[in-house]
*Asks:* 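Below is a structure I'd like to ask you about.
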Amino acid sequence: MKSIHIYLIFFLLVCSISSFAQYKKYEVKVVLDSIKNVKGTLQKVSGEGIAVEDFRGNYYIFKAKNIVKIKVRYKGLTVVEGLGTGAAIGAAAGVAIFFTGDGVDSSFDKFGDKLAGTAFLAGVGAIGGTLGGLLGEALNTKIILSLYGDTQKFKKEYHKLEKYSKAYDLEKPAITKN
């Protein structure tokens, strides 16, 4: 019976780590010197600044002199989402064990043992989900530009952001097969 528990814990960890999905949509986070940070979709890029649409539909234009840092990544699972997903998977596995055991195995017959097993599996799932979220964020990060208001540096490096913008996807020519 112990081998079944070990396999269940291994399965739980694998599910938690691999539960994040990578989407082809990019997310940009702009850290600014004067107002709050903005997360959204990179709409347009030029030598003077960038345009971002946040997730509420608000459209912002930022000048290079106000930008401290720009981070672009694939939109996917974050650490917090991974933690929640892993904990939920672990709790579900724990609850499944909690309501089983009709005298087949005496190790999980007591209420306290079942409760401890449920809590343990929820914790293992939370750890696995957190690791999956960390891995997802590390793999999803595409570019980080630290500018600190340096307009000359922005003019040299803004072209790196173009391929992540919505305007780039709309303006690039369609590939046709003959």
Side-chain angles (χ1 to χ4, degrees), residues 11-93 122-178:
F11 177 73
L12 180 66
L13 279 172
V14 169
C15 287
S16 297
I17 291 172
S18 65
S19 66
F20 60 89
Q22 294 183 11
Y23 302 103
K24 295 295 179 188
K25 191 172 182 181
Y26 296 104
E27 175 183 280
V28 65
K29 178 180 178 183
V30 184
V31 179
L32 301 160
D33 62 355
S34 57
I35 61 172
K36 64 177 184 159
N37 302 339
V38 175
K39 284 185 179 181
T41 305
L42 187 59
Q43 298 293 311
K44 214 165 193 179
V45 180
S46 73
E48 289 77 41
I50 62 173
V52 176
E53 183 178 355
D54 72 2
F55 298 123
R56 293 185 180 126
N58 300 320
Y59 194 83
Y60 298 96
I61 298 174
F62 302 113
K63 294 187 182 259
K65 68 180 181 178
N66 298 330
I67 300 171
V68 175
K69 187 188 295 186
I70 301 170
K71 180 179 178 180
V72 179
R73 68 181 200 96
Y74 277 124
K75 189 176 179 183
L77 186 69
T78 63
V79 175
V80 175
E81 291 168 341
L83 172 71
T85 303
I89 291 170
V124 169
I127 291 169
T130 302
L131 292 174
L134 286 170
L135 183 65
E137 285 207 16
L139 292 175
N140 289 339
T141 301
K142 294 298 171 192
I143 187 171
I144 299 174
L145 291 180
S146 297
L147 301 169
Y148 300 100
D150 186 351
T151 56
Q152 295 302 316
K153 184 176 182 181
F154 184 80
K155 284 183 180 180
K156 286 183 205 172
E157 308 228 355
Y158 82 92
H159 62 86
K160 294 178 182 177
L161 296 170
E162 287 177 334
K163 64 182 175 182
Y164 302 110
S165 71
K166 187 175 181 181
Y168 179 79
D169 282 338
L170 295 175
E171 294 170 1
K172 72 180 180 181
I175 299 172
T176 58
K177 291 184 180 181
N178 293 335

*Asks:* Could you tell me the separation between the CG atom of Asp54 and the CD atom of Gln43, rounded to the nearest 0.5 Å?
*Replies:* 10.0 Å
*Asks:* Using the side-chain contact (heavy atoms from CB on, under 4.5 Å) definition, which of the options Asn37, Ile67, Val38, Ile70 pairs with Val31?
*Replies:*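 Exactly one option meets the side-chain contact (heavy atoms from CB on, under 4.5 Å) with Val31, and it is Asn37.
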*Asks:* Could you give me the CA-CA distance, side-chain angles and deciding distance for Lys153 and Tyr148, then say whether side-chain contact (heavy atoms from CB on, under 4.5 Å) is met?
*Replies:* CA-CA 9 Å; Lys153 184 176 182 181; Tyr148 300 100; over 6 Å; no
*Asks:* In Å, rounded to the nearest 0.5 Å, how long is the span from CG of Asp33 to NZ of Lys69?
*Replies:* 14.0 Å
*Asks:* Just verifying a value: how many Å separate Leu145 CG and Phe154 CZ, rounded to the nearest 0.5 Å?
*Replies:*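 Nearest 0.5 Å value for the CG-CZ distance: 8.0 Å.
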*Asks:* Is it the case that more than 12 heavy atoms not belonging to Lys29 sit under 6.0 Å from its NZ atom?
*Replies:*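 Check fails, neighbour count at 12 or below.
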*Asks:* Between Lys163 and Lys160, which heavy-atom pair has the shortest distance, and what is it?
*Replies:* CG-O, 4.2 Å
*Asks:* Just verifying a value: how many Å separate Lys71 NZ and Ile143 CD1, rounded to the nearest 0.5 Å?
*Replies:*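 If I round to the nearest 0.5 Å, the distance is 12.5 Å.
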*Asks:* Of all the heavy-atom pairs spanning Ser165 and Val45, show the shortest one and how long it is.
*Replies:* CB-CG2, 4.2 Å
*Asks:* Between Tyr26 and Tyr74, what is the ring plane arrangement, given parallel below 30°, perpendicular above 60°, and tilted in between?
*Replies:* parallel
*Asks:* Say you draw a straight line from NZ of Lys155 to CD of Glu48; how long is it, rounded to the nearest 0.5 Å?
*Replies:* 6.0 Å
*Asks:* Rounded to the nearest 0.5 Å, what separation is found between the CD1 atom of Ile61 and the NZ atom of Lys44?
*Replies:*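 Taking CD1 in Ile61 and NZ in Lys44, the distance rounds to 9.5 Å.
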*Asks:* Given the rule in the side-chain contact (heavy atoms from CB on, under 4.5 Å) test, do Val28 and Tyr164 qualify, once you have shown the distances and angles that lead to the verdict?
*Replies:* CA-CA 9 Å; Val28 65; Tyr164 302 110; over 6 Å; no
